[in-house]
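Below is one structure, written out as structure tokens, with a few remarks after it.
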There are 2 protein chains.
Amino acid sequence: MNEAVVLTPERILEATEDVLRRFGLAKATVVDVARALDVSHGSVYRHFPSKASLRDAVAKRWLDRANEPLCKIAQASGPAPERLEKWLRSMFAIKQKKVCDDPEMFATYLALAQGAREVVKAYKDKQVDLIAKILADGVGQGTFQIDDVKASARAVFDATCRYHHPAHAEEWSESECPVRIDALIGLLLKGLGAPRKH
Amino acid sequence: MNEAVVLTPERILEATEDVLRRFGLAKATVVDVARALDVSHGSVYRHFPSKASLRDAVAKRWLDRANEPLCKIAQASGPAPERLEKWLRSMFAIKQKKVCDDPEMFATYLALAQGAREVVKAYKDKQVDLIAKILADGVGQGTFQIDDVKASARAVFDATCRYHHPAHAEEWSESECPVRIDALIGLLLKGLGAPRKH
DNA sequence: TGAATAACAGATATTGAAATCTGTCAGCGC
DNA sequence: GCGCTGACAGATTTCAATATCTGTTATTCA
């Protein structure tokens, strides 16, 4: 009965992800999670005040993991336009990969995210901050001409929403997508005041 | 029994819209439509081969009606940048108005549209064509600098998706929306090569 | 003493039988 | 004859009884 192992929030989150993977969001219950850990479901409530808070924590873990590579790009050095393009393409690629690799799990996390608005908002705000970081670098380098960095970062985030917001995930596999992404990124870079080489 | 009035597709569509308004998409049945027209439901099937085709026709009517004012703007004359801005803002306003005025009916039509992919695709393509028309005018006027008008039109459409795609309708009422729309439109106009008169 | 439990109430989900709906078609009546 | 009807089969939906789940708490046990 796992008597040597203490029950931690971390282990509960791990088990919850397993249960979600196996049963999906609709079928996953706190009782399932407890069963997977071989404890009573009451014990789970000692570490998370509600099922909703447990779901929020899982969502946060997932989003934070997905954000890691983007943080690295934003904090790197180099010409801002290239870095912004790389950042955007990475973001699209990360999402696209998640859908392709395991559409079912993606759907599960998507549904999960819909109930964790606060967490999602923080995640989006962080992404806008990362874009703003790159834009600010570009202004410093003279490659971007921007009045309001924060507002422009938000505009870039909004403008690319078709290729990162999960509501549009179904359309990411269309064949014209890459060409359209190229056109969009080109338009945005030009709008930020970065002359396109070639 | 309405003996003087012939049963036409038009009358059926009218009745279907009424039924949808009253019962919503989930509850609306062909039997309801027939009852509203005081005919047997078999008669409806004389004019529409299936419930799906009836729904498609209703969706098309609705979308076409919504598109009318935008066609006018695209076909008007005047400086392209101003016209594009007006076109985009009108598009946002039309959608936003629909959500505000009757959120329930909007949800109904949204669900309806999800099942009428062909119709929706045609509608979107038409909107991209309208944008392309304005862009081409701008190129002729020297106010836009664009390599590929068609691709740029699509990029503008994609970039503004957050403010016209119904998947984002819930966010349209947020207080920062207007300011974010301003930033987005500014960025796009700059990207199209139109110098902003501040 | 403090982490875990087991029993519990109210809320939510499942299930299968009954009702309704979709789509078809032979026939009625204008 | 032509447009409509009404009855029908199979698919889908409803509904209410039944089971399960969430969140709480008094109790156990180490």
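In what follows, chains are A, B, ... by sequence order, proteins preceding strands, each numbered from 1.
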Atom pairs under 3.5 Å: protein N/O with N/O of nucleotides 15-17 of chain D:
none

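- Within residues 39-52 of chain B, the residues having any heavy atom closer than 4.0 Å to DNA chain D are, in order of number, B:Val39, B:Ser40, B:His41, B:Gly42, B:Ser43, B:Arg46, B:His47.
- Between B:Tyr109 and B:Trp62, the angle of the ring planes stays under 30°, which puts this pair in the parallel group of the 30/60° scheme.
- In this structure, A:Phe23 places its CZ atom 13 Å from P of C:dT14, rounding to the nearest Å.
- For B:Asp32 and C:dT20, the CG to P distance is 12 Å, given to the nearest whole Å.
- Atom CG of B:Asp147 has 12 or fewer neighbouring heavy atoms from other residues, nucleotides or ligands inside a 6.0 Å radius.
- Per the geometry, CZ belonging to B:Arg35 stands 14 Å off P belonging to D:dT5, to the nearest Å.
- For the pair A:Leu7 CG and C:dG2 P, the computed distance is 17 Å after rounding to whole Å.
- For A:Glu118, the CD atom sits in a loose shell: 12 or fewer heavy atoms of surrounding residues, nucleotides or ligands are nearer than 6.0 Å.
- One distance of note links CD of A:Glu171 with NE2 of B:His165; it measures 5.5 Å at 0.5 Å rounding.
- Distance A:Leu25 CG to C:dA13 P: 11 Å, rounded to the nearest Å.
- Atom CD of B:Glu170 has 12 or fewer heavy atoms from other residues, nucleotides or ligands within 6.0 Å.
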Please step through salt bridge (charged side-chain N to carboxylate O under 4.0 Å, His left out) for the pair A:Lys121 and A:Asp125, ending with a clear verdict. CA-CA 6 Å; A:Lys121 185 175 186 318; A:Asp125 284 346; 2.9 Å; yes
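- Heavy atoms of A:Val30 sit under 4.0 angstrom from primed sugar atoms or phosphate atoms, though from no base atom.
- Pairs of residues two or more places apart, or lying in two chains, never qualify as salt bridge (Lys or Arg N to Asp or Glu O under 4.0 Å) while including a residue from residues 66-78 of chain B.
- Ring planes of A:His164 and A:Phe92: parallel class, angle under 30° (limits at 30 and 60°).
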